[in-house]
Amino acid sequence: MAAYQQYQAEAEAIARQIGLTQLTAEGLDRAVTAVDALEKAEEGQEMLVPIGSGSFIHGKLASKEKVVLNIGAGVSIEKTAAEARESLKERRAEVAEGSKRLNEVLSKIDMEMQKLQAQLAKLEQQPGERSEGVV
Amino acid sequence: MSAELPPQIQNQLAQLQQLQQQAQAVMTQKAQIEGLIRETEAALKELEKSSDDAVIYKNVGELLFRAEKAKLTEELKERKDMMDLRLKTMAKQEERIQSRFAQLQEQLKIALGQMPPKGG
């Protein structure tokens, strides 16, 4: 029973991580789409700049060649649009790989939990040795 | 079940549980620091790859302030050193908790072994 609970806690933690990974992937996809859109945009073109909570302020595109990328640890670096696209796609691939690994671990835990569940069900069926409250 | 155990054993069990929680908390903190160290190392690597005249910004809340590459690199290195030190301290703390846990577990095993068998 303790092992089952341990697996359950691990599975929940991994499922949370997968959810976060999904959000990161979506953010990276949005960034790549925006960098791609720069190619078709014109400098000086009117645009709306997001300031959070679905709100925007008016702005004009000052440069379609420069993109500022967050590189972690509170640091951002200016790159060309092409470099930024490449970097974002690399990160996207890393996130996809991480997500795949997490899903594999989750499947393994799920299998172990199913095995334990079967064992517990068997124990419950044994006459005279009913363990109440299992699962 | 715990109601049938002598108070001393119940106390040791509670201590064991407390140590387990402490170990969990230290492990979580350690994982967080390790994550921050990895992030800082990646940022340092990226800075290293960039040219000396690269345009770099330091994030302060929602604002980005222009920063000098050399100065920011130094700042990140210092931050990483501090985190490395914290990680070492946490590892020692984890070791202490684990050793106390093993000791207590052993004591508990002996105490449970000395308990008279249940009548019935």
Side-chain angles (χ1 to χ4, degrees), chain A residues 1-3 5-6 8-10 12-14 16-17 20-21 24 27-28 31 49-53 55-57 59 62-63 65-84 86-95 97-98 101-102 105 128 131-134, chain B residues 1-2 13 16-17 20-21 23-25 27-28 30-84 86 105 120:
Chain A
M1 187 61 191
Q5 279 174 339
Q6 176 106 23
Q8 203 166 24
E10 274 179 42
E12 279 168 16
I14 290 172
R16 271 198 301 275
Q17 261 182 291
L20 289 174
T21 311
T24 309
L28 286 166
V49 184
I51 56 165
S53 296
S55 312
F56 299 85
I57 52 171
S63 165
E65 263 312 304
K66 294 173 189 166
V67 175
V68 179
L69 275 191
N70 182 0
I71 58 166
V75 182
S76 297
I77 191 163
E78 192 175 272
K79 294 194 176 216
T80 65
E83 284 170 349
E86 198 185 326
S87 188
L88 288 167
K89 284 188 172 169
E90 265 174 33
R91 271 193 234 170
R92 179 66 176 87
E94 281 168 16
V95 169
E97 184 56 36
R101 277 203 302 268
L102 284 172
V105 175
S131 51
E132 282 177 26
V134 175
Chain B
M1 186 204 171
S2 59
L13 268 173
L16 213 58
Q17 235 169 1
Q20 203 169 17
Q21 282 168 0
Q24 193 68 42
M27 272 164 67
T28 309
K30 249 183 79 186
Q32 277 172 349
I33 296 171
E34 279 165 352
L36 287 172
I37 290 174
R38 272 199 303 275
E39 190 184 324
T40 311
E41 281 170 347
L44 275 166
K45 213 169 147 189
E46 193 75 29
L47 278 176
E48 224 172 80
K49 273 199 293 183
S50 68
S51 60
D52 283 341
D53 59 349
V55 180
I56 317 266
Y57 296 92
K58 185 179 168 181
N59 304 15
V60 182
E62 290 295 309
L63 302 176
L64 300 185
F65 287 103
R66 183 85 185 255
E68 278 175 44
K69 181 184 165 181
K71 217 171 151 184
L72 198 53
T73 304
E74 204 48 46
E75 201 180 300
L76 287 190
K77 280 181 181 166
E78 273 175 28
R79 211 189 295 171
K80 188 186 161 312
D81 286 346
M82 270 171 63
M83 286 190 288
D84 282 338
R86 254 185 88 192
Q105 207 174 23

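Protein chains get the first letters and strands the later ones, always in sequence-line order, with residue 1 at the start of each.
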What pair of heavy atoms forms the shortest contact from [X] to [Y], and how long is it?
{"X": "A/Val75", "Y": "B/Ile56", "answer": "CG1-CG2, 3.8 Å"}
{"X": "A/Ala73", "Y": "B/Leu76", "answer": "O-CD2, 3.9 Å"}
{"X": "A/Gly72", "Y": "B/Ala43", "answer": "O-CB, 3.6 Å"}

Within a 6.0 Å radius of atom [atom1] on [X], are there more than 12 heavy atoms belonging to other residues, nucleotides or ligands?
{"X": "A/Arg92", "atom1": "CZ", "value": "yes"}
{"X": "A/Glu97", "atom1": "CD", "value": "yes"}
{"X": "A/Glu90", "atom1": "CD", "value": "yes"}

Practice item. Check each atom of B/Leu64 against the heavy atoms of chain A and say whether the ones under 4.5 Å are side chain, backbone, both or neither. Key: side chain
Review point. How many angstroms lie between atom CD1 of A/Ile77 and atom NZ of B/Lys69, to the nearest 0.5 angstrom?
Key: 7.5 Å
Check your understanding: Considering only heavy atoms, which portion of A/Lys79 lies under 4.5 Å from any heavy atom of chain B: side chain, backbone, both, or neither?
Key -> side chain
Exercise for review: Given side chain to side chain contact (heavy atoms under 4.5 Å, CB included), test A/Ile71 with B/Leu47 step by step and report yes or no.
Suggested key: CA-CA 9 Å; A/Ile71 58 166; B/Leu47 278 176; 4.2 Å; yes
